[in-house]
Amino acid sequence: MPEGFETVIGLEVHCELSTATKLFCSCANAFGDEPNSNVCPVCLGLPGSLPVLNRRAVEFAIRIGQALGGDIRPSIFHRKNYFYPDMPKDYQISQYDQPISSGGRLALPDGSVVGIVRAHMEEDTGKSTHIGESGRIHGASHSLVDYNRAGVPLVEIVSEPDIRSAEQARLYVSELRAVLVATGASDGRMEEGSLRVDANVSIRPTGTTDLGTRCEVKNLNSLRSLVRAISYEAERQSALIAGGGTVSQQTRHWDEGGGVTQLLRSKEEAYDYRYFPEPDLVPLVPDDSLLSAAAAGVGKMPSERRQSLAELLGVPGEALAAGPVADQAQTVIELDLDGLVIGAVACGADAHLALARAANEGASKAEGARRLDAGTFAGLIKLESGGILSATQSKAVLSVLIDEGGEPAEIARRLGFEAMGQSDLDELVDSVIAANPDEWRRYQEGDDKISGFLLGLVMRQSSGKANGKLVKDTFDLRRHAGTASQG
Amino acid sequence: MSILDDGVVAIAEAVRTGTVRASDIVDDTLERIDAGDADLHCFLTVMADHARERAAEIDAAVQAGVDPGPLAGVPVALKDNLCTKGTLTTCSSKILGNWVPPYDATVVERLRAAGAIVVGKTNLDEFAMGSSTENSAFGPTRNPWDTSRVPGGSSGGSAAAVAAGFVPLALGSDTGGSIRQPASLCGVVGVKPTYGLVSRYGLIAFASSLDQIGTFASTVEDAALGLEAIAGHDPLDSTSFDRAAPSLVESLFEGVAGMRVGVIDEFAAEVSPSCAAATFAAAEALSAAGAKVERVSVPEVLHGLAAYYVIAPAEASSNLARYDGVRYGLRVDAPDVATMNALTRGAGFGLEVRRRIMIGTYALSAGYYDEYYGQAQRVRTLVARAFERAYRDFDVLLAPMTPSVAFAFGEKTKNPLDMYVSDVCAVPSNLAGHPAVSVPFALGEADMPVGVQVLAPALGEAVMLRTAMALETAAPRNARAPIVGRDPRPRPLATEGAIDA
């Protein structure tokens, strides 16, 4: 980005809803089934068929709108007309100027806030596979269409152009994903296409308020592509401007392999969708029963959960925006293990240690970890922080605890994790000092960098039975003693 | 003479009581179709085997003491835009020339549940766009009263099949008069119910906000009985009323004494003297039967036609997009998808359908939407309000049905606007979503039948049909079909200049 310019980004996130059935028929909403196995006259758009709105999908859409602070209003559906082989009716039923949720905002972990224009409902299209070298429709010898996805309910969340960097865009999508999962409306699986992002990117001189000409970038299937595509597109536009040119409004395709965006359609080639109200559906007026059904079953939002963890750890909320603790916090929230941490702390466990064990060892067996009793987990953390178990031992006990259940102390005994007695430890420390006189001297002279080396030797020779903290204390006692005797 | 000529009520009664076998009735029907339809071309598909199987089932049920239902053994013809599982459903279009639906329309299921027997699929103007059946890709239907004349349309095949005495009951669809206009031209009763009274599930859409399925029969009672069988809420159609089917037959004979009838002024100048005269005669007949009849001005109705010919094509342009050669129906192969779409649609759709797709696409285009589609919707609202105003003072309204009696083949195909004007008296009811019925009331020019239209507010079918019944009672018997036993006056058929040339 040249000096004096800023990137302006607005995102359109398409989220597949986790309903059992499709938006307008009773076909299964399932990913990965045999092609064209979940289809019926309605989702195939056969002549004479009519759509009937899925109430559960409406509840989910309302949940999403409410989670984003949107205004839930009476809404209607429109037809968005364009020809495409994977769209059975050659129009998409979508909400247009009267969406189910208007406005709202999403607060990101870094403290920034992105405005939401609207969240609206629409049906997904089928999926084309182009057979040929390019894998795209141009140059394909033929195409196969799977209509299993046709009619799957989507909510499209449109942000204001409030995002200023690729990294902030990543943070936005990541946070939005967590919100969507928390509502129970979506599984948030980007790799399965449950979450798909289009980015509107423009650049403008820093400090100005008019929006530059934007390009819409499609085919962003991961957070990594999102960041790369936005960075590429911003660079492309600034190079155009730096070269004395202008940006023209386009729809561009992100080529993941080539790492570039490519022209898909110019403004002149843009579709005229000929939107008009869908006559086969009636207006959607959310009544109290719908609103209360939508409200039931909504989990805590990620921002609230972060706040709870921050309080627990005794750090300011912003500390959870970046850094190792932030990553751990994000992990336990995403894996729904923050409840375990909070429960363990309530039972007297050390908050940082509980978070670390949950985010690392717990995360590798998240499903089992979610079933752990908070009191039992707290018991393990206390054994470790009290020096009864070393970190290595504690991790091993946790693994067994998750797999088989039981009591931490009993498991430790079964695994032979007797805490090393102080006299054994003294003996071991002294033997390490004797065998490494140069390193010991440097440590005594205040070179703390060497402490890890000495500590490591003891840990290795104890086969992990020594408690790291006690080892450190023992070395320090020796150092003070030596200093005292010399002085 | 066959019991077929005694109509729906008599047939159902005879079959239910075991007096007559459904199989014999089906034989009569198939025999008549076999003998007469080569000339008239009411049917695109005759479902002889299916009809005989169904008749045997019904006879077996009666034998076993099971009541097959209120339409027991009644042969029914279906307009070929109603989906029939396993049987060709073409909309009279080459683009669906080979299409066999995997499901039945809701009305087809309901007819079956009522004991009726579907005997075939009838001809129509392609995708129900037209007023003469001349737009059928498979050739026109001829009017049984005079085979040199059109039967009207778009449900011309169904109207003519009833008029010819082939079947006592038929279903059609009415988007802008497509039941009532052919009913008038063929001398039969044609009912367009309130929008939402009959499920549209399985009716191949022309203009979704206007389309409604209804019945044809020789008498009001028969048409009412058929409507009772197919009406009522359907969870598969979001626009269907969430209420049970109304009872229509039981109040049919209660007369019109004290009923307030308004005769719409505006249409008189739009129709031929014989059509206007029939309307005034009908008004007098109702007055004589005790109704309180007055003239009423509803000037907005005359703007209905223009609004209709924007809204209907706009919706059609979207509804017909799916015929793209990708999934079913005709496909004209080409090196790329867009060309395949274009060639398929060019080859598969007739001229009138393509014309309306063009008009509708234009009306919805960016920059024109408000001027055309938006404006037409505002006019639609005004027409509906005008009716509401009129119904504060009247229970039903009376109007001519058509501008003229059945016209000759080719007479209105040169200029599409001439054909469009055939719908002027019909479309306001579709725009408002209100019910209306055409009742045969007189003979006009060339002794061709003339229908009179009774209009009612939403869900006013019972009072509307009661009024129609009073008109039927007052009408001369020779004004209505079936015309079996009468000289059909065969004349040479002039198809020159048909629209789909």
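Every chain is numbered from 1, with letters handed out A, B, ... down the list of sequences.
Shown here are the salt bridge (Lys or Arg N to Asp or Glu O under 4.0 Å) partners of A:Glu12, two or more places apart in sequence or in another chain: there are none.
Of the listed residues (A:Phe276, A:Tyr91, A:Phe24), the one with the most heavy-atom contacts under 4.5 Å to chain B is A:Phe276. Contact count against chain B (heavy-atom pairs under 4.5 Å) is highest for A:Pro41 among A:Pro277, A:Pro41, A:Pro51. In terms of non-hydrogen atom pairs under 4.5 Å with chain A, the most contact-rich of B:Ser365, B:Gly329, B:Ala338 is B:Ser365. Highest contact tally toward chain A, considering only B:Thr239, B:Leu96, B:Leu320, B:Leu210, is held by B:Thr239 [criterion: heavy-atom pairs under 4.5 Å]. Interface summary for chain A: among B:Pro235, B:Ser209, B:Ala366, the most heavy-atom pairs under 4.5 angstrom belong to B:Ala366. Per-residue counts of heavy-atom pairs under 4.5 Å with chain B were compared for A:Tyr275, A:Tyr147, A:Tyr82; the largest is that of A:Tyr147. Chosen from A:Cys40, A:Cys25, A:Gly48, the residue pairing most often with chain B at heavy-atom distances under 4.5 Å is A:Gly48. The most heavy-atom pairs under 4.5 Å with chain B, out of A:Leu46, A:Asp272, A:Leu50, come from A:Leu50.
Looking at B:Tyr195, only its side chain comes within 4.5 Å of chain A, counting heavy atoms on both sides. Contact annotation for B:Thr361: both backbone and side-chain heavy atoms come within less than 4.5 Å of a heavy atom of chain A. The parts of A:Asp280 that come within reach of chain B are both its backbone and its side chain, each placing non-hydrogen atoms under 4.5 angstrom from that chain. Heavy-atom distances place both the backbone and the side chain of B:Asn319 under 4.5 Å from chain A.
In this structure, CD1 on B:Ile204 lies 10.0 Å from OG on A:Ser49, to the nearest 0.5 angstrom. Between atom CG of residue B:Leu236 and atom OG of residue A:Ser26 there is a gap of 8.5 Å, rounded to the nearest 0.5 Å.
Annotation for A:Arg214: atom CZ does not count as buried by contact number, only 12 or fewer foreign heavy atoms lying within 6.0 Å. More than 12 heavy atoms of other residues, nucleotides or ligands shown are found within 6.0 angstrom of CZ on A:Phe83. Counting heavy atoms of neighbouring residues, nucleotides and ligands inside a 6.0 Å radius, atom CZ of B:Arg378 exceeds 12 of them. When the shell of 6.0 Å around CG of A:Asp288 is examined, it contains 12 or fewer heavy atoms from other residues, nucleotides or ligands.
Heavy-atom neighbours of chain A within the stretch residues 98-112 of chain B, taken at a separation under 4.5 angstrom, comprise B:Trp99, B:Pro102, B:Tyr103.
Side-chain contact check for B:Leu364 versus A:Tyr273: every heavy-atom pair is 4.5 Å or farther apart. Between B:Arg322 and A:Pro88, the closest side-chain pair of non-hydrogen atoms is not below 4.5 Å.
A pairwise comparison of heavy atoms in A:Pro279 and B:Ser208 identifies CG-CB, 3.6 Å as the closest pair. Contact between A:Met87 and B:Arg327 at its shortest, heavy atoms only, is O-NH1, 3.9 Å.
Between A:Asp90 and B:Arg345 there is no salt bridge, since no side-chain N of the basic residue sits under 4.0 Å from a carboxylate O of the acidic one.
Of the possible donor and acceptor atoms, none in the side chain of A:Arg79 sits under 3.5 Å from a partner among the backbone N and O of B:Ser318. Between the side chain of B:Ser238 and the backbone N or O of A:Leu53 there is no donor-acceptor pair closer than 3.5 Å.
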Criterion side-chain contact (heavy atoms from CB on, under 4.5 Å) on B:Tyr201 and A:Val42, from CA distance to verdict: CA-CA 10 Å; B:Tyr201 191 78; A:Val42 175; 3.8 Å; yes
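Side chain to side chain, B:Tyr369 and A:Arg274 fail the donor-acceptor criterion of an N or O pair below 3.5 Å.
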